[in-house]
Undergrad: 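Here it is: the structure, laid out below.
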Amino acid sequence: MIIVSASLLAADFNNLGYDCSRAADAGCDWLHFDIMDGMFVPSISFGGPVLQSVAKAARIPVDVHMMVVEPSRYIPRYAELGAAGITIHAEASKDPAADLRLIRSLGLRVGVALKPATPVSEIEELMPLCDMVLVMTVEPGFGGQPFMPETLVKIRQVREFADKQGLPLDIQVDGGINGETALLVREAGANVLVSGSYLFEAENMTAAQMSLRK
Ligand code: DX5
Ligand code: ZN
């Protein structure tokens with residue numbers, strides 16, 4: 001099943017609630033919530049208080065992508081505030097397995113993310129602890145960057161590994177996803193498509209989100 005997740009980093013923050021509704025009305029499946037700490041990535045986005053407001057009003061699940069050093073410091077709080085799932089970066093944690101187990105113990109969907117330069121071999125042991133692997137298709141930190149085609153091989157590697165091990169993993173992609181790149185990542189094995197600027201800048205968000213599925 002294809003899941004389309006609208007990345008709120010590209011929303012209009014003067015009208016955040018309206019843009020959350022717009023994504024749900026357009027037929028997006030999830031909201032993608034990027035938390036950046038200015039350490040793991042250069043920029044700072046938004047954190048707990050904004051998550052609380054969004055999760056309270058959202059009509060579709062809010063999936064949190066943590067670009068944060070030592071994410072365990074915040075995982076319980078974000079669970080309490082209404083995250084449906086939390087994805088941490090393998091590179092950001094001293095003990096990613098423990099963090100993934102913590103997310104699981106709180107009853108949330110569990111995800112592990114990889115930067116473009118991090119090889120898939122680094123997360124092979126973590127995959128059995130996860131519902132989802134996020135293969136970043138741009139360098140994390142900013143919206144609106146062009147898709148990196150060299151990440152396609154990693155999507156295939158994750159899909160092959162998961163199939164071989166019999167793991168029912170979702171594969172998420174994030175960065176530069178539009179009507180054209182969606183086809184490439186889906187062919188490689190991705191099924192959860194995060195998209196920010198393409199969806200929020202579209203004249204017709206319904207048509208735009210549908211174009212990611214075909
Ligand atoms: C980048 C974020 C993405 C970003 C994607 O670090 O994780 O979720 O919002 O934006 P687009 O779809 O514009 O590349
Ligand atoms: Zn993201």
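Whatever order the structure lists them in is the order used to number ligands and atoms, beginning at 1. All of these numbers come straight from a predicted model, not from anything done at the bench.
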Undergrad: Report yes or no: does a heavy atom of V138 sit under 4.0 Å from some atom of ligand 1?
TA: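 Outside the 4.0 Å threshold, so no.
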Undergrad: Show the atoms of ligand 1 that are less than 4.0 angstrom away from any heavy atom in S197.
TA: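 Those of ligand 1 that fall under 4.0 Å from S197 are 11 (P), 12 (O), 13 (O).
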Undergrad: Looking at G175, which atoms of ligand 1 are within less than 4.0 Å of one of its heavy atoms?
TA: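 Listed by number with element, the hits are 14 (O).
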Undergrad: Atoms of ligand 1 less than 4.0 Å from H65 heavy atoms?
TA: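 Matching atoms, with element in brackets: 7 (O).
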Undergrad: To the nearest 0.5 Å, what is the distance between NE2 (H32) and OG (S7)?
TA: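 Answer rounded to 0.5 Å: 4.5 Å.
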Undergrad: On a heavy-atom basis, I'd like to know which of A113, S7, A11, G196 is closest to atom 4 (C) of ligand 1.
TA: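 Residue with the shortest heavy-atom distance to the ligand atom: S7.
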Undergrad: Taking only heavy atoms of H32, which atoms of ligand 1 are found under 4.0 Å from at least one of them?
TA: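 In order of numbering, the contacting atoms are 8 (O).
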Undergrad: What is the closest protein heavy atom to atom 14 (O) of ligand 1, and at what distance does it sit?
TA: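 Nearest protein contact, heavy atoms only, for atom 14 (O) of ligand 1 is G176 N, 2.8 Å.
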Undergrad: If hydrogens are left out, which of G141, P140, G143, S45 has an atom nearest to atom 10 (O) of ligand 1, that is, the closest non-hydrogen atom?
TA: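 Nearest heavy atom to atom 10 (O) of ligand 1 lies in G143.
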Undergrad: Would a distance-only check, ignoring hydrogens and angles, find a side-chain to backbone donor-acceptor pair under 3.5 Å from S93 to A90?
TA: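 Between the backbone of A90 and the side chain of S93 there is no qualifying donor-acceptor contact (under 3.5 Å).
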Undergrad: Can I3 and L193 be said to form a side chain to side chain contact (heavy atoms under 4.5 Å, CB included), step by step?
TA: CA-CA 6 Å; I3 291 171; L193 310 188; over 6 Å; no
Undergrad: Students often mix this up, so state it plainly: with edges at 30° and 60°, are the rings of F46 and F33 parallel, tilted or perpendicular?
TA: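 Ring orientation of F46 relative to F33: tilted.
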Undergrad: Please give the atom name: the N, O or S atom of D174 nearest to the Zn ion (ligand 2).
TA: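 The Zn ion (ligand 2) is closest to the D174 atom OD2, counting only N, O or S.
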Undergrad: Report, in ascending order of atom number, the atoms of ligand 1 lying under 4.0 Å from any heavy atom of D174.
TA: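 Taking each heavy atom of D174 in turn, ligand 1 has 2 (C), 3 (C), 4 (C), 5 (C), 7 (O), 8 (O) under 4.0 Å.
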Undergrad: What atoms of ligand 1 come closer than 4.0 angstrom to any heavy atom of S195?
TA: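 Heavy-atom distances to S195 below 4.0 Å select 12 (O).
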Undergrad: Report yes or no: does R213 contribute a side-chain atom to a donor-acceptor pair with the main-chain N or O of I2 at less than 3.5 Å?
TA: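 Such a contact is found between R213 side chain and I2 backbone.
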Undergrad: Quick one: are M66 and D34 in side-chain contact, heavy atoms under 4.5 Å?
TA: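 Result no, sub-4.5 Å side-chain heavy-atom pair not found.
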Undergrad: Could you tell me, atom by atom, which parts of ligand 1 come under 4.0 Å of a heavy atom of L9?
TA: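 Here the atoms of ligand 1 in question are 9 (O).
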Undergrad: Nearest to the Zn ion (ligand 2), which N, O or S atom of H65 do we find?
TA: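 Distance check against the Zn ion (ligand 2) picks out ND1 in H65.
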Undergrad: In the protein, what heavy atom is nearest to atom 1 (C) of ligand 1, and what distance, to one decimal place, separates them?
TA: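 Protein heavy atom with the smallest distance to atom 1 (C) of ligand 1: F142 O, 3.5 Å.
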Undergrad: Pairs in or reaching into residues 183-193: which pass side-chain hydrogen bond (donor to acceptor under 3.5 Å, both in side chains), with residues at least two apart or in two chains?
TA: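 side-chain hydrogen bond (donor to acceptor under 3.5 Å, both in side chains) check on residues 183-193 returns D170-N191.
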Undergrad: Quick one: does Y198 get an N or O within less than 3.5 Å of an N or O on ligand 1?
TA: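 Between Y198 and ligand 1 (N or O atoms, distance only) the closest approach is not under 3.5 Å.
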Undergrad: Cut-off 3.5 Å, side chains only: do S211 and Y198 have a donor facing an acceptor?
TA: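 Their side chains do contain a donor-acceptor pair, which is all the 3.5 Å distance test asks for.
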Undergrad: Among D19, D63, V54, whose side-chain contact (heavy atoms from CB on, under 4.5 Å) with L31 holds?
TA: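 With L31 as partner, D19, D63, V54 yield a single side-chain contact (heavy atoms from CB on, under 4.5 Å), made by V54.
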Undergrad: R77 side chain to Y74 main-chain N or O, any donor-acceptor pair under 3.5 Å?
TA: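 No; zero donor-acceptor contacts below 3.5 Å.
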Undergrad: Does ligand 1 have any atom that is closer than 4.0 Å to a heavy atom of G144?
TA: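 Yes; G144 lies near enough to ligand 1 that a heavy-atom distance drops under 4.0 Å.
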Undergrad: Is the shortest heavy-atom distance from the side chain of P116 to the side chain of V138 under 4.5 Å?
TA: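 With C-beta onward as the side chain, the pair stays apart.
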Undergrad: Looking at D34, pick out the N, O or S atom nearest to the Zn ion (ligand 2) and give its name.
TA: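 The D34 atom nearest to the Zn ion (ligand 2), restricting to N, O or S, is OD1.
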